[in-house]
Amino acid sequence: MRILIAPDKFKGSLGAAEVGQRIAAGVRSALSGAQIEIAPIADGGEGTAEAIVEAGDGEWIVCLAHDALGRAREARYGWLPERALAAIDMSAAAGLSQLAPNERDPRRASTFGVGEMLQHAVGRRTSQIVLGLGGSATNDGGTGLARALGFHFLDSDGRELPNDVAALAQLERIILPNELDIPSITAACDVRNPLLGPSGATRVFGPQKGVTPPQLELLERALERLADVAAQTFGSDYRDVAGAGAAGGLGFGLMTFCGASIRSGFEVVAGAVDLQRKVEAADIVITGEGKLDRQTLSGKAPAGLAELARTFGKPVYAIVGQVAADLDARQLFAEVVALEDRSENFRETPALLETRAKELAQRFSKNASR
């Protein structure tokens, strides 16, 4: 029996690679003769770089970068030497998980550190960059990243605007750097939100980053002004492109300032890990993630994998932390197994993954013997 184990991370608990290893250990304990392949997957969120590094036998590069609030720290990104490809998670520099709840400040939070990581990768003579857009603490439209690359944002008096997103409402002019040598950038994301409006960056994702009701209109006007001036400056307008609102508008910023393209995070990772070939070669596919809910059905990695497997007639089983009560996952998965780990800090998750995987594999064995 050939089994492909292709999980996403269990957010806040385990990375995708460890989830895969734990599931594999459980399966082996029940099916010692099974041929198992582990392929961690992601959808543009945290863990995208890890999935690409794991699949491409890459390495990790550590560089100095500033976090969302401007504090110097070390960050890492993936490097695949044979392809001269850098895989960056924006959350490694400007992630929400790096901030305590009382530190969340979307007016100050900046993607400057992401620009520093990008610059460091460019210095390695990178030919292509994949940049995962999930898990951001920011709502700056990518202006922090642009500042790190040498762009300047001026008011009507020609003065540099301060690092306050609301100040972008006073933006009159964008000055480009003298030299900007940026390789091909693919922005990988799992959302299709535009920059502005009811389904835009500020209104949909802002509250979880600390945007208060009085700030909503303030920040929305600031990003609208940024889009207006950017359209005048560059002759192109990306505000309504699906994914422009990802990572607090970093999707918009990458397209505007770096000429990046935005693609489905799952599709980017699936291509990088050669997922189609691995699914075709498997008899059974097992995936997983921390929580299975309606968001899973809208571009998340397990759903993407299930759709891919369906085209080849391969059954997909999901081992997850929790399942939303209102979700009927039978349309995607042959079976869903929930850990329901209620221990503090998910201490029991590794052991539960192995136990549930073993139980699932035992059912495979019984069905095969009938």
Side-chain angles (χ1 to χ4, degrees), residues 1-10 14-45 47-48 50-58 188 190 264-290 292 296-297 299-321 323 329-339 350 352-370:
M1 186 179 294
R2 295 164 298 181
I3 300 176
L4 172 64
I5 300 173
D8 200 348
K9 64 187 176 298
F10 275 44
L14 299 176
E18 186 172 355
V19 172
Q21 291 161 7
R22 294 289 183 169
I23 293 175
V27 171
R28 286 192 187 100
S29 66
L31 297 171
S32 58
Q35 298 176 37
I36 296 174
E37 182 170 13
I38 303 173
I41 57 175
D43 49 30
T48 295
E50 180 185 21
I52 294 173
V53 168
E54 287 279 336
D57 195 24
D190 64 352
S264 154
F266 172 74
E267 291 178 2
V268 170
V269 174
V273 308
D274 199 11
L275 195 60
Q276 178 173 316
R277 179 189 62 78
K278 294 174 181 178
V279 168
E280 283 188 88
D283 298 310
I284 289 173
V285 179
I286 302 176
T287 188
E289 68 172 345
L292 199 66
T296 303
L297 308 182
K300 295 290 187 179
L305 174 61
E307 293 288 353
L308 176 62
R310 179 185 295 172
T311 64
F312 297 104
K314 305 301 173 72
V316 182
Y317 297 80
I319 302 178
V320 303
V323 181
R330 289 174 295 181
Q331 59 183 301
L332 286 176
F333 305 107
E335 183 180 345
V336 176
V337 177
L339 304 185
L352 282 172
L353 273 169
E354 290 192 30
T355 299
R356 299 292 180 264
K358 179 180 180 179
E359 295 167 350
L360 183 62
Q362 287 171 337
R363 292 196 286 279
F364 296 161
S365 181
K366 289 179 182 178
N367 292 337
S369 62
R370 289 176 181 173

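Values below: every heavy atom of this structure, side chains too, minus hydrogens, waters and symmetry copies.
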Residues at least two apart in sequence or cross-chain that pass side chain to side chain contact (heavy atoms under 4.5 Å, CB included) with A30, listed by chain then number, are K358, A361, Q362

Can you name the nearest heavy-atom pair linking G15 to E50, along with the distance?
CA-OE1, 4.3 Å

Among all residues two or more places apart in sequence or in another chain, which pass the side chain to side chain donor-acceptor pair (under 3.5 Å) test with E289?
T296

Taking the side chain from D43 and the backbone from K300, do they hold a donor-acceptor pair closer than 3.5 Å?
no

Output all residues satisfying salt bridge (charged side-chain N to carboxylate O under 4.0 Å, His left out) with R28, sequence neighbours left out; order by chain, then residue number.
none

Rounding to 0.5 Å, atoms CD1 (I36) and CG (L31) come to a distance of 7.5 Å

What distance separates D8 CG from F266 CZ, expressed to the nearest 0.5 Å?
10.0 Å

Scanning both residues in full, the closest heavy-atom pair of I52 with A272 reads CG1-CB, 3.9 Å

All side chain to side chain contact (heavy atoms under 4.5 Å, CB included) counterparts of A357, not counting sequence neighbours:
I23, V27, I319

Considering all heavy atoms of both residues, which atom of A306 and which atom of V316 are nearest to each other, and what is their separation?
CA-CG2, 4.1 Å

For F10, the ring pair (Phe, Tyr, Trp, His ring centres under 6.0 Å) test, sequence neighbours excluded, returns none

Could I get the full list of side chain to side chain contact (heavy atoms under 4.5 Å, CB included) partners for E307, not counting sequence neighbours?
R310, L332

Side chain to side chain donor-acceptor pair (under 3.5 Å) pairs, two or more places apart, involving residues 268-279:
D274-R277

For a quick test of reading the model, state the closest non-hydrogen atom pair linking V273 to P40 and the distance between them.
CG1-O, 4.1 Å

Starting from the C-alpha separation in whole Å, work towards a yes-or-no answer on side-chain contact (heavy atoms from CB on, under 4.5 Å) for F364 and I286.
CA-CA 12 Å; F364 296 161; I286 302 176; 4.0 Å; yes

With sequence neighbours excluded, residues passing salt bridge (charged side-chain N to carboxylate O under 4.0 Å, His left out) with E18
R22

Test side-chain contact (heavy atoms from CB on, under 4.5 Å) applied to L339 and R356, step by step:
CA-CA 7 Å; L339 304 185; R356 299 292 180 264; 3.4 Å; yes

Quick one: list whatever passes salt bridge (charged side-chain N to carboxylate O under 4.0 Å, His left out) with E280, sequence neighbours left out.
none

Do L14 and P350 touch side chain to side chain, with heavy atoms closer than 4.5 Å?
yes

Smallest separation among heavy atoms of P302 and G288, with atom names
CG-O, 3.9 Å

Heavy-atom pair with the smallest gap, counting every atom of A301 and I41
CB-CD1, 3.7 Å

Checking A338 now: which residues fulfil side chain to side chain contact (heavy atoms under 4.5 Å, CB included) with it, not counting sequence neighbours?
V320, V323, E340

Determine whether a donor-acceptor pair (N or O, by modelled atom type, separation under 3.5 Å) exists between the side chain of R2 and the backbone of A34.
no

May I ask you to test the I284-M1 pair for a side-chain heavy-atom distance under 4.5 Å?
yes

Quick one: do E335 and R363 make a salt bridge, cutoff under 4.0 Å?
yes

Backbone N or O of A6 within a donor-acceptor pair of the T287 side chain at under 3.5 Å?
yes

Sorted by chain and number, sequence neighbours left out, salt bridge (charged side-chain N to carboxylate O under 4.0 Å, His left out) with K314 holds for none

Rounded to the nearest 0.5 Å, how far apart are OH of Y317 and CD1 of I5?
13.5 Å

